[in-house]
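Have a look at the structure below before the remarks.
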Amino acid sequence: MFSRIARPTATLVRSLSTSSQHNAKVAVLGASGGIGQPLSLLLKNSPLVSELSLYDIAHTPGVAADLSHIETRATVTGYMGADQLGAALKGCEVVVIPAGVPRKPGMTRDDLFNTNATIVARLADACARHCPQAMICIISNPVNSTIPITSEVMKKHGVYNPNRVFGVTTLDIVRANTFVAELKGLDPARVNVPVVGGHAGKTIIPLISRCTPKVEFPADQLSALTGRIQEAGTEVVKAKAGAGSATLSMAYAGARFTFSLLDAMNGKEGVVECAFVRSEETECKYFSTPLLLGKNGIEKNLGLGKLSVFEEKLVAEAMDELKGSIKNGEDFVANMK
């Protein structure tokens, strides 16, 4: 009587998935959380993923069982508790880490530091031991500190490869694309705004001058737009009124970055995403810029490129805060017992 509901097409939007197949084992650490569950759902829906390994400190078997009933090819296994972390990571090519506590009203990303720094350091240590060659994608905030933490932990084990450790800043790009499209009446799927710097407040620097298609705004509107992109996370935290932070949009952005990385690992050429990585592009040790991705992670850092006077000022103003956050991360690992 009724026709069967059509399966979702391979391409949800942009590069959220592709029709090509690749036998990749992907782990999500923090898979039971507000970001982890929708992120795992999006990964399960992709033909790029053949095995999905879900880890958290609670509820993971249930999340895995639920996802395993979906009619896509990725097999799903749930792991729970510290004693199962090694098994969750064994053989993984990509590890995505959204684990940690979310922001609440009045909190900055730096307020999360003490709790999330410990969590990320422990998970990075496990990655160094059990999947040292994997691509590590950190979502856990504050990213400006958790990427230095991850890097320093990997160094302690002698397995650090700066081309394989990424701070996922993709949500800043997704928001910039959306907000620009709203103001200009464009299709957001066809807008691309590079966002450089870091992943907190004024360290988030949208390069509106490099938007494709080209757009222009009066100075006051440009300033307001930039401020909205920088504080968009707080906008969601306030709207949720104590019930959490950006989870669904972050899951989407995390999936977009993961799929881009998998595409590049699978040999697709010309894959470019911004991410917070070890960098020589500025005076900061870590900085987000557009990256050409390849089979081994970062193939080429495309750098800052030409900036407007307004954007140059934003970069200069971000440096001190960014350096401080990076140092906090490095010091945390140096002082770990």
Side-chain angles (χ1 to χ4, degrees), residues 27-30 33 35-36 55-57 81-82 85-86 88-89 95-104 106-132 134-169 171-172 197-204 233 237 245 250 254 275-288 297-298 318-337:
V28 179
L29 308 185
I35 297 169
Y55 173 82
D56 214 320
I57 57 173
L85 180 53
L89 292 170
V95 180
V96 190
I97 306 181
V101 297
R103 273 203 296 162
K104 294 179 180 176
M107 291 177 72
T108 67
R109 289 180 179 86
D110 281 335
D111 291 332
L112 303 176
F113 181 85
N114 288 333
T115 300
N116 287 359
T118 302
I119 292 169
V120 170
R122 181 174 61 81
L123 296 176
D125 181 85
C127 291
R129 295 175 189 274
H130 300 287
C131 56
M135 307 289 180
I136 312 295
C137 307
I138 304 290
I139 291 172
S140 310
N141 275 315
V143 166
N144 293 355
S145 298
T146 54
I147 283 297
I149 287 171
T150 302
S151 301
E152 293 302 309
V153 170
M154 302 294 274
K155 286 177 189 176
K156 281 192 170 185
H157 286 274
V159 296
Y160 177 55
N161 183 340
N163 294 327
R164 291 172 176 261
V165 178
F166 304 90
V168 180
T169 62
L171 183 52
D172 299 325
H199 185 57
K202 68 179 182 181
T203 71
I204 298 169
V237 169
S245 56
M250 184 63 249
F276 189 66
V277 298
R278 185 73 174 89
S279 175
E280 306 294 332
E281 299 302 316
T282 71
E283 61 197 74
C284 282
K285 291 181 187 177
Y286 298 86
F287 205 83
S288 180
I298 300 172
M319 285 299 171
D320 284 348
E321 181 177 327
L322 205 44
K323 287 178 183 175
S325 296
I326 291 166
K327 187 175 186 302
N328 287 344
E330 292 175 334
D331 288 349
F332 179 84
V333 177
N335 296 325
M336 269 175 34
K337 295 179 181 177

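Quick caveat, the model's predicted, so the values are computed rather than measured.
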Gap separating the OG1 atom of Thr282 from the CE atom of Met319, nearest 0.5 angstrom: 4.0 Å
Nearest heavy atoms of Asp172 and Gly198, plus distance in Å: OD2-O, 3.9 Å
Reported CD1-to-CZ distance for the pair Ile138 and Phe166, which is rounded to 0.5 angstrom: 11.5 Å
Point-to-point distance, once rounded to the nearest 0.5 Å, from CE of Met336 to NZ of Lys156: 5.0 Å
Closest non-hydrogen atom pair, Ser288 against Thr169: OG-OG1, 3.5 Å
Separation between CG of Asp320 and CD of Glu283, rounded to the nearest 0.5 Å: 8.0 Å
Gap between atom OG1 of Thr203 and atom CD1 of Ile326 - 0.5 Å precision: 9.5 Å
Main-chain N/O of Glu321 paired to Lys202 side chain as donor or acceptor, under 3.5 Å: no
Any donor-acceptor pair under 3.5 Å from Ser325 side chain to Ser145 backbone: no
Pairs meeting criterion salt bridge (Lys or Arg N to Asp or Glu O under 4.0 Å) with involvement of residues 118-128, two or more places apart: Asp125-Arg129
Ring pair (Phe, Tyr, Trp, His ring centres under 6.0 Å) against Phe332, all qualifying residues, sequence neighbours excluded: Phe113
Side-chain ion pair, Glu280 and Arg278, N-O less than 4.0 Å: yes
Separation of Ser245 OG from Met250 CE (nearest 0.5 Å): 10.0 Å
Nearest heavy-atom neighbours spanning Pro148 and Phe276: CD-CE2, 4.4 Å
Side chain to side chain, Asn116 and Val101, heavy atoms closer than 4.5 Å: yes
For Ile139 against Pro98, the heavy-atom pair lying closest together: CB-CA, 3.9 Å
Pairwise side-chain contact, Thr150 with Val120, heavy-atom cut-off 4.5 Å (strictly under): yes
Side-chain heavy atoms of Ser140 within contact of Ile119, under 4.5 Å: no
Minimum-distance pair of heavy atoms, taken over all atoms of Gly167 and Val143: CA-CG1, 3.8 Å
Leu322 vs Asn144 side-chain heavy atoms within contact, under 4.5 Å: yes
Validation row: Leu123, Leu85 side chains within 4.5 angstrom (heavy atoms): yes
Leu89 to Cys131 - nearest heavy-atom pair and separation: O-CB, 3.5 Å
Student check: side-chain heavy atoms of Val165 and Tyr286 closer than 4.5 Å: no
Residue of the set Glu330, Lys327, Lys323 for which side chain to side chain contact (heavy atoms under 4.5 Å, CB included) holds with Lys285: Glu330
For Glu152, all residues meeting salt bridge (charged side-chain N to carboxylate O under 4.0 Å, His left out), sequence neighbours excluded: Lys155
